[in-house]
J.: 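This is the structure I have questions about; it appears just below.
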Amino acid sequence: MKILSVVGARPQFVKLAPIHSATLAAGVEHVIVHTGQHYDPMLSDIFFEDLGIGVPDVHLGVGSGSHGVQTGAMLAALDAVFDEHRPDWVLVYGDTNSTVAAALSAVKMHIPVAHLEAGLRSFNRRMPEEHNRVITDHAADLLLAPTQVAVEHLAHEGLAERTVLVGDVMTDVLYVTRDKVAAAPSRLLAELGLTAGSYYLSTIHRAENTDDPARLLEIVKGLAELDKPVVLLAHPRVVAKAATHGIELTQGSLIAHPPLAYPDLIAAALASAGIVTDSGGLQKEAFLLRVPCTTVRTETEWVETVELKWNVLANSAEEIATAVTRPRPPETHAAPYGDGDAATRAVQTLLSKRVTG
Ligand code: UD1
């Protein structure tokens, strides 16, 4: 059995780590293909090093570009890779341009495709990720769903027969990392002279929050006016857009800081008073670490975090201020994202399911 994983963007490297360990444990051959969508060392190499993944077997070096250019370059390059390796499964992750390119390329070559993190929906058709995930789910042969809600979305779209609930692999990697960093204080505290519980941690990178200058300014203003320092772990996209629009990212309470490695991010999140983000992964990580989260979006795919009151959607500066200062949410033992064993279940499912064609 040979599984070929295609990854390209930061959150996919995090999801790859537990899958890679599970393939090793199961004695399965695992080929890792990096599209090159993310290439800055702090968005790419550091994850492979810290999470013990080793180095990718193939690197396509596609880099940045418009959606069409980037996705097209991946499609063009993947044919030869799939042809050379002829895997039993191509495994694609999440909802980026790397995900949809790999799914399309594989189905056109009649190679079975499995989609990890299948069935998420925002129902916001302005998001590039929404199209990527819908197209990928409908193309794929096997849908590895992280939650019961995702299973239900897939059933509504007529995809129940291809769906298996495995849990969320981000829970697997988060629990392992949380236990590793538990004893050591976050490096961010020493660097910025902060104490535990005295700051908020923030990430903002989505196109719908960064591309429109008025929208970005509203968010920056909202963060700059908060009652505690806000450390903004600034993705290159927000840095570039802020520079283009002449928006200062360090102002008032707001302190712009380069992105962190995964263990440092988890340590910094654990020590924070709250998280303000538009990242899907960080919303879930906040919930799993029981740190209150404010999500700067009009909707979320991770509805469980909102239903359990650990996450609040906020868009205007005023809504953000109200949300971050709300009382601590009610304690809960709910585990909508699984028990930390999703990657093993995903690999076992791949081993047990054979697709003909
Ligand atoms: C991509 C995903 C998004 C995911 C995010 C995680 C798509 C459509 N979007 O968004 O779903 O949440 O990754 O981070 O696939 N850049 C660099 N260095 C890099 C990579 C990008 O400077 O290593 C800059 C470039 O200016 C580039 C911009 O960031 O044009 C956007 O990068 P891109 O990969 O297109 O999308 P992300 O915003 O990272």
Side-chain angles (χ1 to χ4, degrees), residues 6-17 34-49 51 56 59-75 77-78 92-105 115-118 120-122 124-137 146 170 173 202-212 215-216 219 232-245 249 256 258-262 265 275 277-285 295-297 299-302:
V6 180
V7 290
R10 178 170 58 174
Q12 294 169 328
F13 310 140
V14 176
K15 294 165 199 165
L16 173 67
H34 188 324
T35 62
Q37 179 171 350
H38 283 177
Y39 43 85
D40 281 353
M42 283 305 287
L43 292 190
S44 177
D45 304 5
I46 187 114
F47 289 84
F48 283 82
E49 287 158 23
L51 298 173
H59 201 299
L60 304 180
V62 161
S64 299
S66 67
H67 287 277
V69 166
Q70 188 179 56
T71 311
M74 292 172 192
L75 269 168
L78 282 167
V92 300
Y93 299 66
D95 55 19
T96 72
N97 290 343
S98 299
T99 315
V100 74
L104 284 180
S105 187
H115 184 202
L116 188 77
E117 211 178 69
L120 294 185
R121 297 290 181 267
S122 66
N124 177 351
R125 291 174 58 79
R126 299 272 314 155
M127 288 176 72
E129 293 84 359
E130 184 72 356
H131 297 287
N132 288 343
R133 36 174 110 94
V134 170
I135 292 165
T136 302
D137 281 341
M170 286 191 78
V173 62
S202 182
T203 73
I204 297 292
H205 75 281
R206 288 197 178 275
E208 58 270 31
N209 282 336
T210 53
D211 289 5
D212 171 14
R215 177 89 189 116
L216 181 57
I219 296 169
L232 175 69
L233 301 175
H235 183 289
R237 180 183 195 108
V238 76
V239 173
K241 295 288 177 184
T244 307
H245 305 324
L249 286 180
L260 292 176
Y262 187 71
L265 170 74
I275 288 178
T277 189
D278 61 5
S279 148
L282 199 49
Q283 290 171 53
K284 247 181 319 169
E285 283 152 357
T295 293
V296 186
R297 281 184 52 195
E299 71 288 305
T300 177
E301 299 79 12
W302 305 105

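Every number for a ligand or one of its atoms is a count from 1 in the order of the listing. Hydrogens, waters and symmetry mates are skipped; everything else that's a heavy atom, side chains included, is used.
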J.: Say whether Tyr93 and Ser98, considering side chains only, have a donor N or O and an acceptor N or O under 3.5 Å apart.
T.: no

J.: Is a donor from one side chain sitting under 3.5 angstrom from an acceptor on the other, for Asp278 and Asn209?
T.: yes

J.: Taking Glu117 first and then Arg133, would you say they form a salt bridge - that is, a charged N and a carboxylate O separated by under 4.0 Å?
T.: no

J.: For atom 33 (P) of ligand 1, what's the nearest protein heavy-atom neighbour? Residue, atom name and distance, please.
T.: Gln37 NE2, 3.9 Å

J.: For atom 17 (C) of ligand 1, what is the nearest protein heavy atom, given as residue, atom name and distance?
T.: Tyr39 OH, 3.3 Å

J.: Counting only heavy atoms closer than 4.0 Å, does ligand 1 sit against the backbone of Leu43, its side chain, both, or neither?
T.: side chain

J.: So which heavy atom in the protein is nearest atom 3 (C) of ligand 1, and how far is it from that ligand atom?
T.: Glu129 OE2, 3.2 Å

J.: Looking at atom 8 (C) of ligand 1, what's its closest protein heavy atom, distance included?
T.: Asn97 OD1, 3.4 Å

J.: Just to be sure I read this right, does ligand 1 sit under 4.0 Å from the backbone of His38, its side chain, both, or neither, counting only heavy atoms?
T.: both

J.: Atom 5 (C) of ligand 1: which of Arg10, His205, Arg206, Lys241 has the nearest heavy atom?
T.: His205

J.: Distance only, no hydrogens: is a donor on one side chain within 3.5 Å (strictly under) of an acceptor on the other, for Gln283 and Thr277?
T.: no

J.: Distance check, rounded to the nearest 0.5 Å: His205 atom NE2 versus Ser279 atom OG?
T.: 6.0 Å

J.: Quick one: do Glu301 and Arg121 make a salt bridge, cutoff under 4.0 Å?
T.: no

J.: Once you restrict to heavy atoms under 4.0 Å, what part of Ser64 touches ligand 1? Side chain, backbone, both or neither.
T.: side chain

J.: Classify the contact between Ser279 and ligand 1 as side chain, backbone, both or neither, using a heavy-atom distance cut-off of under 4.0 Å.
T.: neither

J.: Check this for me - ligand 1, Asn132, N or O atoms closer than 3.5 angstrom, yes or no?
T.: no

J.: Tell me whether Arg237 is salt-bridged to Asp211, with the criterion being a basic N under 4.0 Å from an acidic carboxylate O.
T.: yes

J.: Can you figure out which of His67, Gln70, Arg237 has its heavy atom closest to atom 31 (C) of ligand 1?
T.: Arg237

J.: If we ignore angles and hydrogens, is there a donor and acceptor under 3.5 Å between the side chains of Ser122 and Glu299?
T.: no

J.: Has ligand 1 got any nitrogen or oxygen that is less than 3.5 angstrom from a nitrogen or oxygen of Thr96?
T.: no

J.: Classify the ring geometry between His34 and Phe48 as parallel (under 30°), tilted (30 to 60°) or perpendicular (over 60°).
T.: parallel

J.: Does atom 26 (O) of ligand 1 have a protein heavy-atom neighbour under 4.0 Å away?
T.: no

J.: So His235 and His38, would you call those rings parallel, tilted or perpendicular, with 30° and 60° as cut-offs?
T.: perpendicular

J.: Can you pull out the closest protein heavy atom to atom 18 (N) of ligand 1? Residue, atom name and distance to 0.1 Å, please.
T.: Asp40 OD2, 3.1 Å

J.: Of the listed options (Gly280, Pro236, Pro11, Gly94), which comes nearest to atom 24 (C) of ligand 1 when hydrogens are ignored and any heavy atom counts?
T.: Pro236

